[in-house]
Amino acid sequence: MSATAKKRAPMPEDIRTRKGGAPLVSLTAYTTPMAQMMDPHCDFVLVGDSVGMVLHGLPSTLGVTMEMMIMHGQAVARGLNSAMMVIDMPFGSYEESREQAFRNAARLMSETGAGAVKLEGGVEMAETIRFLVARGIPVMAHVGLTPQSINTLGGYKVQGRGDAGEALMNDAQAVAQAGAFAVVLEKVPATLADRVTAEVPIPTIGIGASAGCDGQILVLDDMLGLFTAFKAKFVKRFANLGEQAEVAIADYAREVTERSFPASEHVFGDETPGASS
Ligand code: KIV
């Protein structure tokens, strides 16, 4: 391979075989520039339906549509070179029947170039996952706190505490047996996440789970400090870009008001042809 050859993006099977190996790194992305920035650092990038809350100001992920996912999926795909792209199936696009799930998953993959879809649910979605995988659609599952079900879960609560741990373990086993190549564990006790990771044969991707998971994912705008409406306990802000942006916008507004911006270096003279840049 030449030094300039492009690195091949991992396939779902490559992700599956990382079980128990070096931790998988992933983040959500919704735009081309952010996808470009994370591409060299991530094994896979998720076009999450969190886009509805993070970029569109929706109160939950329930209002996210297929069209929104496709538009953001296409934008992210333009920024990726070496990371695999996984795309979320939005609420209402897969729960009704296996056929509905196939139709919408195939559309998401063919119109965006995603290598896999992610859907929420455990035992109750196992049959759908088996149907999709048998027809060429790689599936990443998502159990624990499943934000599309907040109305039946009663809010964004920790899942799987106490006796509920067995049901969560059954969910993770069921999606693995159905053929999912990885499973996201969201907002579950660390000891349970470790047990699921030890017992389930596919990689676990933690978010609010445990450092012992086979990989981690965070919502990009959370970890950059760009989304500040609220901060979950499991979010670590690796930067405070939201605060920096507010200061920059206030500085701009002040300089415009004072007429100190634009300054001489930002405006054009009319004398020298070719000096227009
Ligand atoms: O939509 C999303 O961003 C997600 C992650 C939180 C895993 O599903």
Side-chain angles (χ1 to χ4, degrees), residues 15 23-31 34-35 38 42-66 68-73 75-76 83-95 104-105 108 112 114 116-122 125 129 139-150 153 155-160 168 171-172 175 180-188 193 196 202-210 213-224 226-227 229-238:
I15 301 290
L24 289 154
V25 179
S26 62
L27 285 168
T28 65
Y30 320 112
T31 64
M34 290 300 189
M38 67 180 72
C42 288
D43 295 295
F44 70 89
V45 164
L46 173 71
V47 187
D49 62 353
S50 49
V51 68
M53 297 174 75
V54 171
L55 292 194
H56 294 266
L58 294 174
S60 74
T61 56
L62 301 186
V64 175
T65 63
M66 284 287 291
M68 285 161 75
M69 294 309 298
I70 288 169
M71 188 185 70
H72 288 286
V76 169
M84 183 177 82
M85 180 168 124
V86 180
I87 190 162
D88 258 340
M89 299 199 71
F91 178 64
S93 72
Y94 60 97
E95 302 89 333
N104 285 319
L108 286 171
T112 67
V117 298
K118 177 167 82 59
L119 57 80
E120 297 182 5
M125 291 312 300
I129 294 172
V139 177
M140 176 176 285
H142 183 157
V143 304
L145 175 65
T146 46
Q148 293 174 8
S149 303
I150 43 153
L153 293 176
Y156 296 93
K157 299 175 184 160
V158 177
Q159 301 294 309
L168 198 139
D171 282 334
V175 297
F181 68 90
V183 57
V184 171
L185 301 180
E186 180 164 355
K187 211 164 180 182
V188 301
V196 172
I202 56 174
T204 55
I205 311 298
I207 173 162
S210 161
C213 287
D214 296 299
Q216 302 293 328
I217 187 161
L218 279 177
V219 169
L220 178 74
D221 295 58
D222 283 342
M223 59 85 77
L224 291 181
L226 277 169
F227 181 76
F230 59 87
K231 184 180 110 43
K233 174 180 160 80
F234 59 75
V235 170
K236 175 174 175 182
R237 288 200 177 135
F238 287 80

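All ligand and atom numbering here is 1-based and tracks the order in the structure.
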Can you tell me if E120 contacts ligand 1 (heavy atom of the residue under 4.0 Å from the ligand)?
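Distance cut 4.0 Å: E120 fails for ligand 1.
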
Measure the spacing between CE of M38 and CG of L27 and express it to the nearest 0.5 Å.
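Result: 5.0 Å between the selected atoms.
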
Sub-3.5 Å N/O-N/O distance, [X] and ligand 1:
| X | result |
| --- | --- |
| S50 | yes |
| D88 | yes |
| T28 | no |

Does any part of the side chain of D88, heavy atoms only, come nearer than 4.5 Å to the side chain of M69, both counted from C-beta?
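Yes, at least one pair of side-chain atoms sits under 4.5 Å.
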
Enumerated ligand 1 atoms positioned under 4.0 Å from heavy atoms of [X]:
| X | value |
| --- | --- |
| I207 | 6 (C) |
| K118 | 4 (C), 8 (O) |
| H142 | 8 (O) |
| G48 | 1 (O), 2 (C), 3 (O) |

Does Q216 use its side chain to pair, donor to acceptor, with the backbone of G208 at less than 3.5 Å?
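No, Q216 side chain to G208 backbone: no donor-acceptor pair under 3.5 Å.
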
Test item: T28 side-chain N/O and L220 main-chain N/O as donor-acceptor pair under 3.5 Å:
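Yes; at least one donor-acceptor contact below 3.5 Å.
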
Within reach of ligand 1, part of L46 (heavy-atom separation under 4.0 Å):
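Answer for L46: side chain.
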
Quiz: residues 139-149 side-chain donor-acceptor pairs under 3.5 angstrom, not counting sequence neighbours:
unit_1 : atom_1 : unit_2 : atom_2 : d
H142   : ND1    : K118   : NZ     : 2.7
H142   : NE2    : L145   : O      : 3.2
H142   : NE2    : E186   : OE1    : 2.9
Q148   : OE1    : Y94    : OH     : 2.7
Q148   : NE2    : D49    : OD2    : 2.6
Q148   : NE2    : M89    : O      : 3.1

Applying side-chain contact (heavy atoms from CB on, under 4.5 Å), name anything that partners D222, two or more places apart in sequence or on another chain.
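side-chain contact (heavy atoms from CB on, under 4.5 Å) check on D222 returns V219, F227, V235.
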
Please state whether the rings of F230 and Y156 are parallel, tilted or perpendicular, taking 30° and 60° as the class boundaries.
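Tilted.
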
